[in-house]
Engineer: 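Structure below; questions to follow.
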Protein chains: 2
Amino acid sequence: MKIGELARRSGVKVETVRYYEREGLLPEPARSEGNYRLYREAHAERLDFIRHCRALDMTLDEIRALLACQDDPDQPCEEADALIEAHLGHVEQRIAQLSRLKAELEGLRRRCAGQGKVGECGILNELSQPVDPPATLEHAHVGGVHPRR
Amino acid sequence: MKIGELARRSGVKVETVRYYEREGLLPEPARSEGNYRLYREAHAERLDFIRHCRALDMTLDEIRALLACQDDPDQPCEEADALIEAHLGHVEQRIAQLSRLKAELEGLRRRCAGQGKVGECGILNELSQPVDPPATLEHAHVGGVHPRR
DNA sequence: TGACACCCTGTAGTCACTATAGGGTCAAGG
DNA sequence: CCTTGACCCTATAGTGACTACAGGGTGTCA
Ligand SMILES: [Zn+2]
Ligand SMILES: [Zn+2]
Ligand SMILES: [Zn+2]
Ligand SMILES: [Zn+2]
């Protein structure tokens, strides 16, 4: 299987597959006579694993750690379980933070009468008030509201 | 007021202030004889506005648009209000998405008996299953669960 | 022989900063 | 006058997880 077919099967771009190889998440595959990468089923499964984890918003570092567990199947699974638990914590923290932002945005919205001019709008006046620096979460990584195109 | 004092007052780094200037969010201030930036109250207010918006996870593009409204105080405030409304949508979308991830992670956690080896752990086996590509949200930008250090 | 789809490497761009390197300015103390 | 130290300046590169080229090579078909 060449890189294009692997990428299609797992729903990623070809460049992403090569990126995962550079990052050490996918092992270097065999090469054809013409220097093309040649993949096997095991590569496709590993790529699905990675994409599954990415769909859960894990970092590549978290995924690397999980893959290291998986590559050692006789070890107890405590470490892998702890990684999932920790990441669940990251997601929960981010949900809590975004819920606070949502409440603040809804409060902001209520401060606009709707027919006024910018100079009188409660929204913009409120936003000019200083803000106490947002508490920096320790291992937070579950990110932005805005996607990359 | 020199850049260090401005930065301290608004709780940002000096480099961030210079970055906002390069990005056109803060106007270029006057310079001292020794080429130091000299700021006034209006600059501090504008910086507070920017930080307030960033604390709500708006992008710099969204903030630029809001600042453009604010710089034109006789216009009706509809556009500014629509920007806030749209961003509230971004936050709500991201909360919904993260809630789905949270449910899936909790489901994963239940698949581990707790005393097994990695090879038998339901978590890792489940993660090896392919995943349908996550629906790409149109203007999503409210990002990751994982923070930058 | 040419067209075309696919593959290769290497580099640069994204976003919102952050962190250096390598210098200049300015007030106080010796 | 000279040094120390805090502050300032510009310019450049790094972060994460990709994405998009540029500039070439390979393989198959007509
Ligand atoms: Zn995580
Ligand atoms: Zn309004
Ligand atoms: Zn937004
Ligand atoms: Zn387990």
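Quick note on labels: first sequence line is chain A, next is B, and so on, each numbered from 1. Treat the numbers as computed from the prediction; the structure is a model and nothing was measured.
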Engineer: Atom CD of B:E28 and atom C1' of D:dC9: how far apart are they, to the nearest Å?
Structural biologist: 14 Å

Engineer: Sugar-phosphate means primed atoms, P, OP1 and OP2; the rest is base. With that split, encode nucleotides 23-30 of chain D 5' to 3' as B, S or - using protein heavy atoms under 4.0 Å.
Structural biologist: --BBS---

Engineer: Rounded off to whole Å, could you give me the CG-to-P distance for the B:L60 and C:dC15 pair?
Structural biologist: 9 Å

Engineer: Please evaluate residues B:V12 and B:I50 with respect to the criterion side chain to side chain contact (heavy atoms under 4.5 Å, CB included), reporting the C-alpha separation (whole Å), side-chain torsions for both, the decisive distance (0.1 Å), and the verdict.
Structural biologist: CA-CA 11 Å; B:V12 304; B:I50 296 168; over 6 Å; no

Engineer: Tell me whether B:D48 is salt-bridged to B:R51, with the criterion being a basic N under 4.0 Å from an acidic carboxylate O.
Structural biologist: no

Engineer: Apply side chain to side chain contact (heavy atoms under 4.5 Å, CB included) to the pair A:R54 and A:L60, showing each step before the final yes or no.
Structural biologist: CA-CA 8 Å; A:R54 283 295 296 138; A:L60 297 193; 3.7 Å; yes

Engineer: Whole angstroms only, please: what is the CD-C1' distance between B:E5 and D:dA6?
Structural biologist: 14 Å

Engineer: Examine C:dC17: is either OP1 or OP2 under 4.0 Å from a nitrogen or oxygen in the side chain of B:Y20? Give yes or no.
Structural biologist: yes

Engineer: With a cut-off of less than 4.0 Å, is there a side-chain N or O of B:T16 near OP1 or OP2 of C:dT18?
Structural biologist: yes

Engineer: For B:I3 and D:dC7, what is the distance between atoms CD1 and C1' respectively, to the nearest whole Å?
Structural biologist: 11 Å

Engineer: Under 4.5 Å between any side-chain heavy atoms of A:I123 and B:C77, yes or no?
Structural biologist: no

Engineer: Whole Å only: how far is the CD atom of A:E21 from the C1' atom of C:dC7?
Structural biologist: 13 Å

Engineer: Step by step, work out the salt bridge (Lys or Arg N to Asp or Glu O under 4.0 Å) result for A:R22 and A:E15.
Structural biologist: CA-CA 11 Å; A:R22 277 203 305 284; A:E15 292 91 344; over 6 Å; no

Engineer: Testing B:I84, B:V91, B:L83 for side-chain contact (heavy atoms from CB on, under 4.5 Å) with B:H87, which one passes?
Structural biologist: B:V91

Engineer: Start with the C-alpha gap between B:R100 and B:Q97, add the side-chain angles, then the distance that decides, and say whether side chain to side chain donor-acceptor pair (under 3.5 Å) holds.
Structural biologist: CA-CA 5 Å; B:R100 289 194 296 274; B:Q97 188 187 32; 5.7 Å; no

Engineer: Starting at atom CD of A:E23, determine the distance to atom P of D:dA17, rounded to an integer number of angstrom.
Structural biologist: 8 Å

Engineer: Roughly how many Å is it from CD in A:E62 to P in D:dA17, rounded to a whole number?
Structural biologist: 9 Å

Engineer: If you check every side-chain atom of B:R54, which of D:dC9, C:dC7, C:dA16 has the closest atom?
Structural biologist: C:dA16

Engineer: Would you tabulate the nitrogen or oxygen pairs shorter than 3.5 Å linking the protein to nucleotides 11-13 of chain D?
Structural biologist:
none

Engineer: C:dA19 C1' sits how many Å from B:Y19 OH, rounded?
Structural biologist: 15 Å

Engineer: Checking the side chain of A:R37 only, and the main-chain atoms of A:R18 only, is there a donor and an acceptor separated by less than 3.5 Å?
Structural biologist: no

Engineer: Does a side-chain N or O from B:R37 land closer than 4.0 Å to OP1 or OP2 of D:dC8, or not?
Structural biologist: no

Engineer: Hey, is the side chain of B:R51 poking within less than 4.0 Å of OP1 or OP2 on C:dA16, counting only N and O atoms?
Structural biologist: no

Engineer: Does B:L47 form a side chain to side chain contact (heavy atoms under 4.5 Å, CB included) with B:Y39? I'd like the steps, not just the answer.
Structural biologist: CA-CA 11 Å; B:L47 183 51; B:Y39 295 97; over 6 Å; no

